[in-house]
Amino acid sequence: MDEKYFPQQIEKKWQQRWAEQETFKVTEDPTRKKFYCLEMLAYTSGRAHIGHVSNFAIGDALAWYKRLRGFNVLHPFGWDAFGQPAETAAIKDGTDPEKFTRDAIAYMKWQFQRMGLSYDWSRELATCDPEYYKWNQWFFIRMWERGMIYRKLSPVNWCPKENISLSNEQAANGVCWRDGTPVVQKELMQWFARITDYAGQLLDSLDQLESGWPERVVAMQRNWIGRSYGAEVTFKVEDSANSANSITVFTTRIDTIFGANAIILAPEHPLLNKLVEGKPQRDEVLAFADRLKQQQRSGRELEELDKEGIFTGAYAINPFNGERLPIWVANFVLIQYGTGAIMSVPSGDQRDFEFSRKYGLPFRQIKLTSDGVEIVPEDMKAADDEWTTTVNTGEWSGLSSKQANRRMTEYAEAQGFGRGSITYKLRDWGISRQRYWGTPVPMIHCDTCGIVPVPDDQLPVVLPRNVNLNVVGGSPLDHVPDYLNVSCPKCGSAARRDTDTMDTFVDSCWYYFRYCDPHNDRMPFDPKVVEYWMPVDQYIGGVEHAVLHLIYTRYWTKVMRDLGLVKFDEPVTRLLTQGMVCKETFQCPNPDHDWLFPEQVTEDKKCKLCGNSVKIGRVEKMSKSRKNAVDPIEMIDIHGADSLRLFVLFAGPPDKDKEWSDTGFEGAARYLQRVWRVAFKLHCHLDEWGAARGVSAQQARETLRVTKKMWDSTDPESSAGLNEYQRRLQRRMHQVIRSITENFEERLHLNTCISSLMELTNELYAFDQAVEKNGPVGMTDLIIGYEALESLIRMLAPFAPHIAEELWEAFGHSDSVAQASWPEFSDELAREEEIEVAVQVNGKLRSRLFVAADLSDEDLREAALIDEKVQAAISGHDIVKVIVVPRKLVNIVIK
RNA sequence: GGGGAUGUGGCGGAAUUGGCAGACGCGAAGGUCUCAAAAACCUUUUGGAUAACCUCCAGUGUGGGUUCGAUUCCCACCAUCCCCACCA
């Protein structure tokens, strides 16, 4: 073997060999335990970034570990290939999204392969493959047949000049991205998935994820689904021409209904027109509502809107006490939530409070404060939403709020003007987009038959190529006659194809089911194969997907369960949300320069372009615009993929943000050099041993191999006869194996695994020094040294697989490390013979004792008490008690 | 407004059924080797007191509490970050 470590040659060699030998290809094997390790689908942005390295390095480490532990490991890879950015880029460059995307895949694949990741590339898929999106269409039709997908009018961002719909990004700041035309809201017929039918299930089955998912993701999902328990109460409208006219509100605090001073509707409320009909305020109110509608949608920016409202002229009757309540319209009531109408209780709700103050609506006290005081409405500075005790609440006065809430709901139910109700924040999922680069919606509009799905045997509906994306009016697909004009599958008459495409979140809902059976052309996947591989044992990705993707995919799984395709309910057992890789930023006060590259800044923090003092920014997420991005391929060119991966994993725990550091990266490379060098030294020792006995290197190696075979490294007897430094290395090896093994099984704090590897490496150096000092080299030295080093190599493989493979081969193994097994440890051999025990007096460290590890508590106690320094500290005091923590510490309590 | 975190040396970070705070790495300082430099290796590196060793004192955002003992558990507060947000 070479004396020096040259990562470039080694990495190329092993990447080629893995590809040729399909080292990481797997098939179902019911006799073996499976492990499904999955990183989130990569978006085809066109360029790899450090975030990819971090994401994949975590997954790859775990996949390697499980492989060495004997699991049948599924570790696949694929591309999130549809979506707006490819379309936007294609318009800019005058090319075709398909070409753009395929080029991006080709380039990124080359980049990712240089990271040396242990993927089964035979399962690779791209969501823009017709063989893949065919099944999106198949699911769409199945769901349509069952009423899980429906159509409704829904607003989109609309550019009135070009007559096309815009994504939120294209309509940023309320103007069209192309020429700044103000965007308006337009109602279009769109496809929706009825995810709200699953709201309760999605919420309830979060409970089973609590052990394997980050707390905050579960919390975010709970919050997003947003279940509220309350009541719907129906108020009759006074003097209504149509006696059926009534307004239903949703409230979580029916116990405060005696404090209601108004009914307030959302501007979009369907009853509004009827209510104001014939009223003198009619025109004014409707104009007001129209204005609010625009304001609410396009003005959904950060700042809170002022509360604005208008009296409709109509009144409703409080069913509990017969009071007349004015009916208002206001901007802070949302049509999407609850019933789109509320009762205003200013003393109990801050928004109602502000609104009522502004418009002079009356206050009434209906409960005590939390201190048990009666509230004087005039003195109130803010609403009070505590659950206390009711007052002025008719026959329910004097009850606890909770009790009143329950009883009043029951009363409303009995009287027929209300009922207990559960409301969710979650809304149905709009899954159609009026854009080109996505899965075509497989539906046909026929004038006689209505909406007809494309028959299964005609799937996939393939996205046409060479489409002009620069259209004015409608979606690009509206301008492709061959695509648009079809005959109705039912009656054969001329019909029109639906030109919407699907939200890309549909693509990512079930891709990892497809990995299990990626080439199936009869079904999305064979349920039997999926039953073997699923659920995903470990999913790794960014926290930005905590709600959307991770809720949609849970929903899709439940849908697939209801379609009879899978038997389980939750697709992902363990989830890890990896932190971002960040770096320091530099900003010049001169707006022409703004963000600077580090090399544009002088040592005393001045801008090299203008000499201004540069603001050293916070450590922020890497991005091109902040000029703090690090290109992974450049880094790989410098020190190799192993060093890059090692650094990213060592920089901090996987789920925390990490800071990029050039010197830290060099440190990782330095460490691998150290590993190489110590391996080389051991190699030399073996040669020395052979030379001393007049045998060839080949023979020496063979002798070692044979002798080592008889050595059971986990047998406690194997420590017999070892000298001090041999025993020390052996002990440390067992300790390190134990700590890394436990870490992989439980916390997945990979940074500390790497620390442990470094400790073992340091111990190997100490061992090597001791061997040289004590020479000549003996067979026991070689056995212990090789054992430790071979353990180190196998444990290094998850973090730096190329160098591990190369050293493994250099040590005479013909198989890949991937075929090796994880080193085993023995608690017995990891145990220290002599331990250091701290002795405290009244909790303060006073002395340390070096004692035999098996010393009894009683002896330990005695040893502590006769210690000189302890004696000095306790002389003249009474000993109250002595606490002995076995093998760790003695605390003497004195008075 | 609601929800979730985080806070430890010059820096990244270790340490959890409560038991020696600072593992491992980076940086820094000194040394060995060298004509020299790089690399490599060795030593030191929480702060303070002391010429120095031994040693002593303080110390895990702040203030309390529980305990023989708290980075760890409880209460209050401060700071920073993230997500959602007029959700009735």
Relative to the ring of [Y], is the ring of [X] parallel (under 30°), tilted (30 to 60°) or perpendicular (over 60°)?
X      : Y      : result
A/F250 : A/Y337 : perpendicular
A/F363 : A/F353 : perpendicular
A/W429 : A/Y552 : parallel

Heavy atoms only, 4.0 Å cut-off, all strands: where does [X] land among base, sugar-phosphate and nothing?
X      : answer
A/R747 : sugar-phosphate
A/K425 : base
A/D657 : sugar-phosphate
A/E836 : base
A/R848 : base
A/E666 : nothing
A/T423 : nothing

State, to 0.1 Å, how close [X] and [Y] come at their nearest heavy-atom pair, and which atoms those are.
X      : Y      : value
A/P214 : A/T577 : CG-OG1, 3.8 Å
A/L426 : A/T196 : O-CG2, 3.4 Å
A/R554 : A/L206 : NH1-CD2, 3.4 Å

- Qualifying residue for salt bridge (charged side-chain N to carboxylate O under 4.0 Å, His left out) with A/R731, from A/E759, A/E832, A/E834, A/E763: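 Answer to the salt bridge (charged side-chain N to carboxylate O under 4.0 Å, His left out) test with A/R731 among A/E759, A/E832, A/E834, A/E763: A/E832.
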
Which value, in whole Å, describes the distance between the [atom1] atoms of nucleotides [N] and [M]?
N     : M     : atom1 : value
B/G22 : B/A58 : C1'   : 15 Å
B/G64 : B/U71 : P     : 15 Å
B/A23 : B/U44 : P     : 12 Å
B/U60 : B/U72 : P     : 9 Å
B/C75 : B/U50 : C1'   : 41 Å
B/G1  : B/C73 : C1'   : 30 Å
B/G48 : B/G59 : C1'   : 10 Å
B/G27 : B/G19 : P     : 33 Å

- Query: Under the 6.0 Å and 45° cation-pi test, does A/R674 pair with A/Y765?
  - Reply: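 Here A/R674 passes the 6.0 Å and 45° test against A/Y765.
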
- Within 45 degrees of the axis of the six-membered ring of A/F355 and under 6.0 Å from its centre: does A/K307 put its NZ or CZ there?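 Not flagged: A/K307 not positioned over aromatic ring of A/F355.
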
- Message: For A/Y671 together with A/F650, are the ring centres under 6.0 Å from each other?
- Response: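 When the ring centroids of A/F650 and A/Y671 are compared, they turn out to be at least 6.0 Å apart.
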
Within this structure, what is the [atom1]-to-[atom2] distance between [X] and [N], rounded to whole angstrom?
X      : N     : atom1 : atom2 : result
A/D352 : B/A88 : CG    : P     : 12 Å
A/N842 : B/U67 : CG    : P     : 15 Å
A/E659 : B/C26 : CD    : P     : 16 Å
A/N405 : B/A88 : CG    : C1'   : 13 Å
A/I335 : B/A88 : CD1   : C1'   : 13 Å
A/K656 : B/A14 : NZ    : C1'   : 11 Å
A/F353 : B/G1  : CZ    : C1'   : 15 Å
A/N891 : B/U67 : CG    : P     : 15 Å

Between [X] and [N], is there a contact of a side-chain N or O with OP1 or OP2 at under 4.0 Å?
X      : N     : result
A/R670 : B/G27 : yes
A/S756 : B/C24 : no
A/N762 : B/G25 : yes

Would you indicate which nucleotide in [options] comes nearest to any side-chain atom of [X]?
X      : options             : answer
A/Q840 : B/C86, B/C20, B/G13 : B/C20
A/M758 : B/G25, B/A15, B/C84 : B/G25
A/R677 : B/A40, B/G3, B/G27  : B/A40
A/T663 : B/G13, B/A5, B/C26  : B/C26
A/F650 : B/C84, B/G19, B/G12 : B/G12
A/K888 : B/G25, B/G19, B/G13 : B/G19
A/F332 : B/C86, B/U6, B/G3   : B/C86
A/N223 : B/A88, B/C84, B/G4  : B/C84

- Task: List the steps, then state whether ring-ring contact (aromatic ring centres under 6.0 Å, His included) holds for A/H549 with A/F505.
- Result: CA-CA 6 Å; A/H549 164 57; A/F505 277 116; 7.0 Å; no

Would you tabulate the nitrogen or oxygen pairs shorter than 3.5 Å linking the protein to nucleotides 70-74 of chain B?
none

- Would you write out the dot-bracket form of RNA chain B, 5' to 3', with Watson-Crick and G-U pairs under 3.5 Å, [ ] for crossing pairs, | for pairs to other strands and . for unpaired bases? (((((((..(((......[....)))((((((.......))))))((((.....))))..(((((..]....))))))))))))....

- Query: With nearest nucleotides of RNA chain B determined for A/G667 and A/G652 from heavy-atom distances, which residue corresponds to the more 5′ nucleotide?
  - Reply: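 Between the two, 5'-proximity favours A/G652.
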
- Query: Which residue, A/K881 or A/R674, contacts RNA chain B at a nucleotide closer to its 5' end, judged by nearest heavy atom?
  - Reply: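 Result of the comparison: A/R674.
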
Between the protein and nucleotides 55-61 of chain B, are there any N/O to N/O pairs under 3.5 Å, and if so, what are the atom names and distances?
none

- Query: Hey, mind stepping through A/N751 and A/L649 against side chain to side chain contact (heavy atoms under 4.5 Å, CB included) and telling me if it holds?
  - Reply: CA-CA 6 Å; A/N751 55 328; A/L649 293 177; over 6 Å; no

- Look at the side chain of A/S347 and the backbone N and O of A/R364, then say whether any donor-acceptor pair between them is shorter than 3.5 Å.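 Side chain of A/S347 to backbone of A/R364, a donor-acceptor pair under 3.5 Å: yes, one is there.
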
- Keeping the roles fixed (side chain from A/N891, backbone from A/G843), state whether a donor-acceptor pair exists under 3.5 Å.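 Side chain of A/N891 to backbone of A/G843, a donor-acceptor pair under 3.5 Å: yes, one is there.
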
- Task: For the residue pair A/I225 and A/K425, establish whether any side-chain heavy-atom pair is separated by less than 4.5 Å.
- Result: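 They are not in side-chain contact.
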
- Validation row: A/F680, A/Y5 side chains within 4.5 angstrom (heavy atoms):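 In short, these two side chains do not touch, never coming nearer than 4.5 Å.
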
- Do A/K307 and B/C86 share a donor-acceptor pair, side chain to base, under 3.5 Å?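 Present.
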
- Message: Taking syn as a glycosidic torsion within 90° of 0 and anything else as anti, which one is B/G9?
- Response: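 B/G9: syn.
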
